[in-house]
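Lettering of chains follows the sequences in order, A, B, ..., and the numbering in each one begins at 1.
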Number of protein chains: 2
Amino acid sequence: MDLDGVRTFLLVAELGRLQDAAPELGITQQAASKRLRSLERRLGATLFTRTPRGLRLTVDGQAFAPHARELVLAADRAVRSVGSVDRAIRVDVTNRRIAPAVAVEDFHRACPISNWTS
Amino acid sequence: MDLDGVRTFLLVAELGRLQDAAPELGITQQAASKRLRSLERRLGATLFTRTPRGLRLTVDGQAFAPHARELVLAADRAVRSVGSVDRAIRVDVTNRRIAPAVAVEDFHRACPISNWTS
DNA sequence: GGGGATTACGTCTAGCGTAATTATG
DNA sequence: CATAATTACGCTAGACGTAATCCCC
């Protein structure tokens, strides 16, 4: 499951036309069309009714929309959850011959933390 | 953003070893390793500490885990939201010469619904 | 004919699997 | 040495863009 397709769905549902939504997403109209087709194929349902004046949500699309919004919000929260932690220090330990290095390394093994190089 | 990587993350975080998680996901150990690397690259953070006995969560990984669970649950709800709606009828209107067809077609234009053929 | 979406097609990147490599205990 | 993860490499499927096509006002 790809979230880019879900974001495409939401923007197209809001704007009603691929031509408006596609530039916003940094892709072409054709790519947006294929994203929606791919999403519909994945879900096994038709999300939009295609008209020569744009796209309108089907009942499936209307049912999917709120869940899609919740989904992208959850994704944004998940992305924000990393990197926001205050990093204390960053120490590279390569020489085990000196006592402080051993002490730091022991602490490293006892309490693993990210951004260590080894 | 790809949810398969998030599901891989959760299973590896639970089981602690790629070898156990990979078959569960229907992929090889190497593919699981690359999925995690891809996810970490996407997030810009290291989620696991690699050891010769398996993988352990870093602080970033611990912070990401609950959001990841919420994310996959939201995805499952979103997928279930389509197709569960009760379908009432399905009518193909091709002949505009008869009055009932016109009436149905007008209703169609006023209130689009999925599963129409045109 | 004009605006809008789709299809066709070439290209390019991402993801997987098999096999070989590295690293730890 | 055994175990577990990584890297190398070839392959296939998916995604994008350009160009051409279809469809309804």
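For Arg35(A) and dA15(D), the shortest distance from a side-chain N or O to OP1 or OP2 is not below 4.0 Å. At the phosphate of dT6(D), OP1 or OP2 sits under 4.0 Å from a side-chain N or O atom of Arg50(B). One finds no side-chain N or O of Arg17(A) lying less than 4.0 angstrom from the OP1 or OP2 phosphate oxygen of dG3(C). In this structure, Thr28(A) does not reach the dC16(D) phosphate: none of its side-chain N or O atoms is under 4.0 Å from OP1 or OP2. Checking the phosphate oxygens (OP1, OP2) of dT6(D), a side-chain nitrogen or oxygen of Arg37(B) falls inside 4.0 Å.
Taking atom CZ of residue Arg42(A) and atom C1' of nucleotide dA13(D), one finds them 12 Å apart after rounding to whole Å. Asp4(A) places its CG atom 13 Å from the P atom of dA14(C), with the value rounded to the nearest Å. Rounded to whole Å, the distance from CG on Asp20(B) to C1' on dT3(D) is 12 Å. The separation between Ile27(B) atom CD1 and dT18(C) atom C1' is 15 Å, rounded to whole Å. Atom pair Arg41(B):CZ and dT13(C):P shows a separation of 13 Å (rounding to whole Å applied). Distance CG (Asp2(B)) to P (dT13(C)): 19 Å, rounded to an integer number of Å. Glu40(B) has its CD atom 13 Å from the P atom of dA5(D), to the nearest Å. Taking atom NZ of residue Lys34(B) and atom C1' of nucleotide dA14(C), one finds them 10 Å apart after rounding to whole Å.
Among dT6(C), dA15(D), dA4(D), the nucleotide with an atom closest to any side-chain atom of Gln29(B) is dA4(D).
Checked by distance alone, Gln19(B) brings no side-chain donor or acceptor within 3.5 Å of a matching partner on the base of dA4(D).
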Exercise. For the pair Arg7(A) and Asp2(A), evaluate salt bridge (Lys or Arg N to Asp or Glu O under 4.0 Å) and give the outcome as yes or no after the intermediate values.
Key: CA-CA 9 Å; Arg7(A) 295 181 196 275; Asp2(A) 182 26; over 6 Å; no
Practice problem: Go through Glu24(A) and Arg17(A) one step at a time and tell me if the salt bridge (Lys or Arg N to Asp or Glu O under 4.0 Å) criterion holds. | Solution: CA-CA 12 Å; Glu24(A) 199 89 8; Arg17(A) 283 184 308 200; over 6 Å; no
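Using a 4.0 Å cut-off between charged nitrogen and carboxylate oxygen, Glu40(A) and Lys34(A) do not count as a salt-bridge pair.
Within the nucleic acid shown, Gly5(A) has no heavy atom closer than 4.0 Å to any nucleic acid atom. Nucleic acid contact class of Gln30(B) (heavy atoms, under 4.0 Å, all strands): base.
Two residues, Arg53(A) and Pro52(B), neighbour DNA chain C, and the one matched to the more 5' nucleotide by heavy-atom proximity is Arg53(A).
Taking the six-membered ring for Trp and thresholds of 30 and 60 degrees, Phe9(B) and Phe64(B) have ring planes more than 60 degrees apart, a perpendicular arrangement.
Judged by distance alone, the side chain of Thr51(A) and the main-chain N or O of Arg53(A) form a donor-acceptor pair under 3.5 Å.
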